[in-house]
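Heads up, the thing below is written out as structure tokens.
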Amino acid sequence: MIDLELVRKEPEKVEENLQRRRNPEYLRLLAEVRSKDSEWRALRKQADELRRQRNELSQRMAGAKTAGGPTPELVAEAKAIPERLRAVEDRENELLRDRDAALMRVPNLLDDSVPYGKDDSENVEVAKWGEPAPPGDRMPHGDALEALGMAEFDRAHRVSGAGFYYLRGPIVLLDLALQRMAIDFLMERGFTPVIPPFMLRREPYEGVTDLADFGNVMYKIEGEDLYLIATSEHPLAALYRGEILDEERLPIRFIGLSYNFRKEIGGHGVDQKGIFRTHQFFKIEQFIFSRPEDSPKLHEELRANAEELFRRLRIPYRVVNVCTGDVGTVAAKKYDIEAWFPRQQAYREVVSCSNCTDYQARRLGIRMGKAGKPGKSVPHTLNSTAIATSRALAVIVEQYQQPNGSITVPDVLRPYLGGRKELVADAARI
RNA sequence: GCUGAGGUAGCCUAGUCCGGUAAGGCGCCAGCCUUGAAAGCUGGUGGCGGUCUCGCCUCGGGAGUUCAAAUCUCCCCCUCAGCGCCA
């Protein structure tokens, strides 16, 4: 949620920023917020005056009670006010509801450095690392895993549907090794690991995500006010809902460990079979609560951490500055890291790194303060993938695939696999 | 799931039976005192406003009764405790 005070004081600045998204709906929402708000403020003045009269009469009645009871004239006068007040109050509440509903749908204000673009094809490359490998005669990662007996897709689809998978054998250890490597790396940099709830109630969830996600992305638990999390970013952001964070203790750095559940996984494209797009995947996430002035610097820190992890895995990648059409409603600025998939001869997204500024924190009612006293300012929240293991495994299987189909273990992961250098087919598989 | 106790300002608590417009403490801020600090004393300290020595709002949420609701009635939400179930 953007700052209502800013909308009141510098509406042209807000409008100019929203213009950059070139979506007329957002300008309409802003106009609605402004008109409902000024109408509400005018009406509130009226209501305040009526309430003042009512309070004054009530005081006189209270005095008259001890002096032998109020006169009939006084009672009649007092009775007339609630009727008039009710009409004004009903309208007042309606305006407030409409204003806030519109405000909740206004997207975050964009950072100046976000490029204009209509969709992800217009994201701007800002960095690149490593030598993209040629395709050779590699198998797509899904087929390779199946051939090694390390994944079951058909059986998973029969019991859970498309978008699900079984992993089995040594690839599971590789998954755990990736997790552990990322956790160790981040703990050395001051991050605290957290296993959050994997389900959230609706109200806190509305604080962290686009309202449209409730229909498109999240799984709802039937008969309960609970949603499966789409990323650990969400429960981490909601952790301090309604609280006051001591500004002396910021930034707070967390590592989120969770499975993530998503209804929408897209579809078409080459090499669809596999674990690149799934309804369920594991992710190690970086998350930070920061002071407003520190968030741009910390955003770069998150990006640098994610880049370093992929460099340690020796996986070529590039970084894009995500354009207006792809940045979403919550982030003010976003980088994606796209790893090189040699079989597809394409860079594909493996990391998403966002500075959400005060948008989530304000929706969640998180404030900053000193010594427990609330201040005016709202902290910033930032999040970035460290390693989403499914996608990292997919790119490792392509990148490290040997002519005989086996998978070389990246050097940096070997300590986590007891020194193991290679993953080979499971001869005993059924 | 059952039973009970609760939800009051940044925090803790009183007020609820019996309706009259949030008392007190902690913390924080300022002043006094002090070489300095602590202690002590005095004052201030929820939100909003276009009228700012004024006004309105605020007691988990909503609806109702009333001239008037933290207080009475109804519905809902949440937390804790005990019991039940359970890896």
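Quick caveat, the model's predicted, so the values are computed rather than measured. Order of the sequence lines fixes the chain letters, A, B, ..., with proteins taken first and strands second; residue numbering starts at 1 for each chain.
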Take atom P in rC26(B) and the same atom in rA39(B), then report the distance between them in whole Å.
11 Å
Tell me the interatomic distance from L57(A), atom CG, to rA68(B), atom P, rounded to whole angstroms.
10 Å
Whole Å only: how far is the CD1 atom of I366(A) from the P atom of rG10(B)?
16 Å
Starting at CE of M368(A) and ending at C1' of rG10(B), how long is that distance when rounded to a whole Å?
15 Å
For RNA chain B, the dot-bracket notation using Watson-Crick and G-U wobble pairs below 3.5 Å, [ ] for pseudoknot-type crossings and | for other-strand pairs, is ((((((((.[[[..)....(...]]]((((((.......))))))((((....))))..[[[[[..)....]]]]])))))))....
Check the distance between rG55(B)'s P and L85(A)'s CG and give it to me in whole angstrom.
18 Å
The criterion is ring-ring contact (aromatic ring centres under 6.0 Å, His included); which residues satisfy it with F282(A), sequence neighbours excluded?
Y259(A)
Tabulate protein N/O versus nucleotide N/O from nucleotides 56-59 of chain B, keeping only pairs under 3.5 Å, one per line.
| from | atom 1 | to | atom 2 | distance (Å) |
| --- | --- | --- | --- | --- |
| rC56(B) | OP1 | N55(A) | ND2 | 3.3 |
| rC56(B) | O3' | R51(A) | NE | 3.4 |
| rC56(B) | O2' | D48(A) | OD1 | 2.3 |
| rC56(B) | O2 | R44(A) | NH2 | 3.4 |
| rC57(B) | OP1 | R54(A) | NH2 | 3.1 |
| rC57(B) | OP2 | N55(A) | ND2 | 3.2 |

N93(A) atom CG is separated from rA63(B) atom C1', nearest whole Å, by 12 Å
Result for 5'-nearest mapping on RNA chain B, choosing between S38(A) and R367(A), is R367(A)
Sequence neighbours excluded, the answer for ring-ring contact (aromatic ring centres under 6.0 Å, His included) partners of H380(A) is none
Listed partners of E5(A) passing side-chain hydrogen bond (donor to acceptor under 3.5 Å, both in side chains), at least two apart
R8(A), K9(A)
Verify the distance criterion only: is there a donor paired with an acceptor across the side chains of E307(A) and Y317(A) at less than 3.5 Å?
yes
Taking the P atom of each, how far is rG27(B) from rC12(B), in whole Å?
15 Å
How many Å lie between CD on E89(A) and C1' on rA63(B), as a whole number?
14 Å
Picking from rG50(B), rU65(B), rG49(B), which would you name as closest to the side chain of R86(A)?
rU65(B)
Rounded distance in Å between the P positions of rA68(B) and rG24(B):
28 Å
Rounding to the closest angstrom, what is the interatomic distance between rC80(B) and rU34(B) at atom C1'?
47 Å
Residue pairs, two or more places apart or on separate chains, that pass salt bridge (Lys or Arg N to Asp or Glu O under 4.0 Å) and touch residues 321-335 of chain A:
none
To the nearest Å, give me how far apart CZ (R241(A)) and C1' (rU79(B)) are.
13 Å
Quick check on rG62(B): is either OP1 or OP2 less than 4.0 Å from any side-chain nitrogen or oxygen of R97(A)?
no
Within 6.0 angstrom of I195(A) CD1, more than 12 heavy atoms from elsewhere:
no
Provide the distance between the two P atoms, one in rC74(B) and one in rU65(B), to the nearest whole Å.
15 Å
Sole residue of V172(A), L145(A), L178(A) in side chain to side chain contact (heavy atoms under 4.5 Å, CB included) with L393(A):
L178(A)
Side chain to side chain, H141(A) and I396(A), heavy atoms closer than 4.5 Å:
no
Give me the distance, rounded to whole Å, that separates rA87(B) from rG6(B) when you measure between the P atoms they each carry.
34 Å
Please state the P separation for the pair rC54(B) and rC59(B) - nearest whole angstrom.
24 Å
Is the number of heavy atoms from other residues, nucleotides or ligands within 6.0 Å of CZ (R52(A)) greater than 12?
yes
Under 4.0 Å between any heavy atoms, over every strand shown, what does R201(A) touch: base, sugar-phosphate, or nothing? Just pick one.
sugar-phosphate
If you measure only the distance, is there a donor-acceptor pair under 3.5 Å linking the side chains of Q280(A) and Y165(A)?
no
Tell me: CG of L245(A) to P of rC11(B), nearest whole Å?
13 Å
Taking atom C1' in both rC17(B) and rC33(B), compute the distance separating them and give it to the nearest angstrom.
48 Å
